[in-house]
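A quick write-up on the structure given underneath.
Keep in mind that what you see is a predicted model, and the values were worked out from it rather than measured. Both counts, for ligands and for their atoms, begin at 1 and track the order of listing. Atoms considered below: every heavy atom in the structure, side chains included; atoms not considered: hydrogens, waters and symmetry mates.
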Amino acid sequence: MFNCHIHTRFSSDCDMDIKEAIDVSKKMGIGIIVTDHMDLGLYDDGRFTFNVDEFFKEYQQYRNEKLLLGIEIGMRNDYEIENRKIAKGYPFDYVLGSVHTVNGYDIFYDEYYSDKNKKMAYEEYFEFMLKCLKTHDFIDCLGHIDYIARYGRYDDREIYYEEYREYIDEVLKFAAKKGISIEVNTRRFNDREAYLNLLKIYKRFKELGGETVTIGSDSHRASDIEKGLKEACEMVKAANLIPVYYKERKVVEYKI
Ligand SMILES: [Zn+2]
Ligand SMILES: [Zn+2]
């Protein structure tokens, strides 16, 4: 199998050495894709961006069938041109598109939520995700569709498919139509309720014509690389989707 979402020290919130990730992947007998953060426009001081030339210069020596080089692009429609330039201008294996900000607000922080109830905050999040997908249809895969459920400032942060059906369906339909994969991100899989709510979303993706998913643990530490991968495989099977990774921007199916 392939873990398609791993950060290393080119990400501002991570100091893992690529060699540690390689060691774990060898021990587990899995492939990995390094996807460091590129969130243009997020901070003036360059946090959460990295020098792509340096990235390739340093990591090219480790690249092989089991170690691929990708990027996690923070999608926002005011940086569409710049993001496209990076995705197309470098020889990445894989481009993962994620929503980390909504209309200029980093949803990791309080400010986005301060004047919104949960319904408003979550609807705006999914609406923005759809907008970003439309302007970033060059990505291979949509990252962590449930990102807001990690950080929402509400007693119950969970995303219930039924409550946001009309918004989520549009996102899933668009991805299916464009052949964009959806990521099975394992970060919240220690919460059984989160797992079951997400399963509904992946099953719906299949119903709406979606076919392929990547699996990623979004790990920032070596000890987290294998977290949730077993559950992710169960999820993919239960939703009857095809697990894939990307090499030289081309989709590769694999068996689990
Ligand atoms: Zn992310
Ligand atoms: Zn990530």
Carboxylate-amine/guanidinium contact Glu54 Lys57, below 4.0 Å: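 Salt bridge between Glu54 and Lys57, a charged N being under 4.0 Å from a carboxylate O: no.
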Parallel, tilted or perpendicular, as decided by the 30° and 60° cut-offs, for the rings of His220 and His37: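 Judged by the thresholds at 30° and 60°, the geometry between His37 and His220 is tilted.
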Aromatic ring pairing Phe108/Tyr151, orientation class (parallel under 30°, perpendicular over 60°, tilted between):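 Phe108 vs Tyr151 ring planes: perpendicular.
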Name, closest N/O/S atom of Asp218 to the Zn ion (ligand 2):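 It is OD1 of Asp218.
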Considering only N, O or S atoms of His5, the one closest to the Zn ion (ligand 2):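 Distance check against the Zn ion (ligand 2) picks out NE2 in His5.
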Apex the Zn ion (ligand 2); atoms Glu72 OE1 and His7 NE2; angle rounded to 10 degrees: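 Result: 90°, to 10°.
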Tyr90 and Phe55 aromatic centres sub-6.0 Å: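 Ring centres of Phe55 and Tyr90 not closer than 6.0 Å.
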Centroid-centroid under 6.0 Å between Tyr105 and Tyr109 rings: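 Tyr105 vs Tyr109: aromatic centres not under 6.0 Å.
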NE2 (His100) - the Zn ion (ligand 1) - NE2 (His144) angle, nearest 10°: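 NE2 of His100 and NE2 of His144 make an angle of 100° at the Zn ion (ligand 1), to the nearest 10°.
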N, O or S from His220 under 2.8 Å to the Zn ion (ligand 2):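 No N, O or S atom of His220 is closer than 2.8 Å to the Zn ion (ligand 2), so no.
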